[in-house]
Amino acid sequence: MSRAMTLKASQADLSVSLWRRAIDLLATFAAGSAVVLVLLPLGAVFGYLVYKGIGSLNWAFLSQTPKPVGEAGGGMANAIAGSALILGIASVIGVPVGIGAGVYLAEYGRNRLGDLIRFTADVLNGVPSIVIGIVAYGIVVLRQRHFSALAGGVALAIMMIPTITRATEEMVLLVPTAVREAAYGLGVSRWRTTISITLRTAMSGVITGVMLAFARVAGETAPLLFTAFGNTYWNWNMNQPTAALPLQIFVYAISPFDEWHRQAWAGALVLIVLIVVSVSAVRLVAGRGMLKGSS
Amino acid sequence: MANRAVGAHPLTSPELAVGPALAAQPPAKPEFLIKDSTSQWADRTFQFAMLACGLTVLLLVYLIIYELTTKGTLARHAFGWRFFFQSDWDPVNDRYGALSFVYGTIVSSLLALLIAVPLAIGVAVFITEMSPRWLRTPLAFTTELLAAIPSVIYGLWAIFVLVPLLRQSVQPWLARYLGWTGLVEGPPYGIGMLAAGVILAIMIVPIISSIAREVMTAVPQQQREAVLALGATRWEMIRMGVLGNARAGIWGGIILGLGRALGETMAVTMVIGNRPEIAKSLFAPGYTMASVIANEFSEASGELYLSSLVEVGLALFLVTIVVNVLAQLLVWSVTRGTPARSHV
């Protein structure tokens, strides 16, 4: 009697367990297919970039300015140069301010003001890029009365600052207090310690933060639409409208011309190669550096 | 935490720095040991310089708010709250209402969440709980690579690959099987709300999944072991032990993804069709708040026109701020070591 009951119970257990195992298997399968579904577009984007881009990529593309509609050939050399100019301006403004703010937060920011700045930096990080464009338009373009590379640079700098600030803070805080104390013990003044000891120790991490911010803004288009505006000729003057690679890709992509579409793909390939190279270089540097594991 | 005590500098007072022993042997004393007023001045200047950089961050956010509120005044005075509840956008007659943009932004973002959330959680679960150890880092790196692709490249890809795919295969199929709902009917252009939702979904998956991974990793190992010890299968362990405990943080990730989707500009502008109308069908073209600024700002001629666009920007700014702060709080509630709550 009791034996039969045990048998029955164990059979019931087994069937439940089978059911539960089936669910478990199903969940594993679902999670696995989610990964495949997510990796699919990634593969498709890169695949198409290479497939469509490489055919249109040639020396003319990298050395010439755009040709008028209908003429074959031409390239995006001025847009690549323009991007370099705008990103240069953005870095000159954004990197020192970002690192300075990060150092302030890490070294002096253990108070209300520090918390406020930290919170504000996070808020700034979430502001849509198109809104940053409106602000740069207001503070630079309206004053200068025309579109300019400077306005584009300011817009991108505003986007770089919060990223660099938080990365710098994180990295500087990782430097052991003992290292600072050793410097103080030798009588080195505080500012000197911060610059030559603390920042130097955290350097590889700080560079990682800077490069990630750089890679993030390098592909930004929205804030450049009404700041740098675009240009079909060479321009090295930061007070003049300037072409930029992402901007050129956008204009060509929504145009109705096949030739321009092909150039847009080539431009996108150049852009993604630049970004992926800088991000992977950062991974490599950060991986070797002393402060890895926090990027 | 220990770093916070750095403020107490042991050598700030001059008599300490130049102790009697050192002062007695001038030749042995390196120059940098001299702690005179110059050095104190340098310290203070340095601190002020760093403080100035920090204050710049505050100044920037102040500038954003100032620019958006002052430049939007004209539209605010002309339309008031009605601006957000009427949908005629008519630059010729200088009448502006943002309802169709608000609608487009909300619908495209929600559609994106609908697609992205299950995928992102699936990816996070697979990477943290199921995948073999050697596969974890490569998988995490690859999914995060999706976040490094610029918006404009997603847009380009969407125009030439995704939109034709939707037009030729997905939309006819959806219309045949789900057409009765009224949500997916009408001519399959390819371009429209559906395309915008799909491309946004692809763009926000890495954000949601990386936050989800972070909070799931923060769940203590004992939680998993406890559930396993009760005889749970792996999925039951994940559901009760991990997802239950990480729930608030995952919500944070989802809301963060929402914030990104609301403000996303280029890819959406390239595929949504840019027509200011409110249609029930997801196949129909639409317009979002970010897209209308991107398309019309540089050619907005009238002052009221420009002011209306800035007003749209202000609304977008405020909404994303609220959404991001909410998300941040939710993520902190999990990663800051709050005791794990039961999921029931």
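Values below: every heavy atom of this structure, side chains too, minus hydrogens, waters and symmetry copies. Within every chain, numbering begins at 1; the chains are lettered A, B, ... in the order of the sequence lines, protein sequences first and strands thereafter. All values reported here derive from a predicted model rather than from experimental measurement.
A:Y108 has its side chain within reach of B:F46: a pair of non-hydrogen atoms, C-beta onward, lies under 4.5 Å apart. Considering only heavy atoms from C-beta on, A:I23 comes within 4.5 Å of A:W19 through its side chain. A:Y104 has its side chain out of reach of B:C53: every pair of non-hydrogen atoms, C-beta onward, lies at least 4.5 Å apart. Looking only at side-chain heavy atoms (C-beta outward), B:I238 and B:W235 come within less than 4.5 Å of each other. Counting only heavy atoms from C-beta outward, the side chains of A:P246 and A:S83 approach each other to under 4.5 Å.
Judged purely by atom type and a 3.5 angstrom limit, A:R118 uses its side chain to pair as donor or acceptor with the backbone of A:G109. Put simply, the side chain of A:R190 never gets that close to the backbone of B:D43: no donor and acceptor are under 3.5 Å apart. Using modelled atom types, no side-chain atom of B:S209 and backbone atom of B:A124 make a donor-acceptor pair closer than 3.5 Å.
For the set B:L58, B:L256, B:T320, B:T143, the entry with the most heavy-atom pairs within less than 4.5 Å of chain A is B:L58. Your options are B:T265, B:N324, B:L156, and the one with the most heavy-atom pairs under 4.5 Å with chain A is B:L156. Among A:V123, A:I132, A:I134, A:I158, the residue making the largest number of heavy-atom pairs under 4.5 Å with chain B is A:I134. Contact count versus chain B (heavy atoms, under 4.5 Å) is highest, among A:L124, A:V45, A:I254, A:T165, for A:V45. Among B:V312, B:T56, B:V161, B:T70, the residue with the largest count of heavy-atom pairs under 4.5 Å with chain A is B:V161. Of all the listed residues (A:V135, A:D24, A:T120), the one sharing the greatest number of non-hydrogen pairs under 4.5 Å with chain B is A:D24. For chain B, the option among A:L225, A:T221, A:I249, A:L26 with the highest count of heavy-atom pairs below 4.5 Å is A:T221. Interface remark: of the candidates B:T269, B:L68, B:V205, B:I64, B:I64 forms the most heavy-atom pairs closer than 4.5 Å to chain A. Of the listed residues (A:A218, A:A34, A:G219), the greatest number of heavy-atom pairs within a distance under 4.5 Å of chain B belongs to A:A34. For chain A, the option among B:L262, B:V152, B:V61 with the highest count of heavy-atom pairs below 4.5 Å is B:V152. Interface summary for chain A: among B:V125, B:L162, B:I321, B:L309, the most heavy-atom pairs under 4.5 angstrom belong to B:I321. Interface check for chain B: of the options A:I161, A:V141, A:V127, the most heavy-atom pairs under 4.5 Å are formed by A:V127.
For a residue to count as touching a neighbouring chain, one of its non-hydrogen atoms must lie under 4.5 Å from one of that chain's; by this rule A:A30 does not touch chain B. In this structure, the portion of A:L39 lying under 4.5 Å from any heavy atom of chain B is its side chain and not its backbone. Within the 4.5 angstrom heavy-atom criterion, atoms from both the backbone and the side chain of A:L116 approach chain B. Only the side chain of A:Y48 comes within contact range of chain B, with at least one heavy atom under 4.5 Å from a heavy atom of that chain. With a 4.5 angstrom heavy-atom cutoff, B:I202 touches chain A only via side-chain atoms. For chain B, the nearby parts of A:L42 are the backbone and the side chain; heavy atoms of each come within less than 4.5 Å. Contacts of A:N125 with chain B are absent, with no heavy-atom separation under 4.5 Å from either backbone or side chain. No part of A:T227 comes within reach of chain B, as not one of its non-hydrogen atoms sits under 4.5 angstrom from that chain. In this structure, no portion of A:L247 lies under 4.5 Å from any heavy atom of chain B. Contact of A:P96 with chain B is made through the backbone alone, with heavy-atom distances under 4.5 Å. Only the side chain of A:L142 comes within contact range of chain B, with at least one heavy atom under 4.5 Å from a heavy atom of that chain. No part of A:A215 comes within reach of chain B, as not one of its non-hydrogen atoms sits under 4.5 angstrom from that chain. Only the side chain of B:Q328 comes within less than 4.5 Å of a heavy atom in chain A; its backbone stays farther off. Proximity to chain B (any heavy atom under 4.5 Å) is shown, for A:Y252, by neither the backbone nor the side chain. Both the backbone and the side chain of A:I117 come within less than 4.5 Å of a heavy atom in chain B.
With salt bridges taken as basic N to acidic carboxylate O contacts below 4.0 Å, one links A:E169 and A:R166. B:E129 has no carboxylate O lying under 4.0 Å from a charged side-chain N of B:R234, or vice versa, which leaves the two without a salt bridge. A salt bridge does not link B:E311 to B:K71: none of the charged nitrogens lies less than 4.0 Å from a carboxylate oxygen.
Taking the six-membered ring wherever Trp is involved, the centroid distance between the rings of A:F226 and A:F147 does not fall below 6.0 Å. Taking the six-membered ring for Trp and the full ring otherwise, A:H261 and B:F160 have centroids separated by under 6.0 Å.
For A:R192, the CZ atom is loosely surrounded, since the number of other residues' heavy atoms within 6.0 Å does not exceed 12.
With hydrogens and angles left out, the side-chain atoms of A:R21 and B:T233 include no donor and acceptor closer than 3.5 Å.
Listed here is the closest heavy atom pair of A:R143 and A:I139: CG-O, 3.2 Å.
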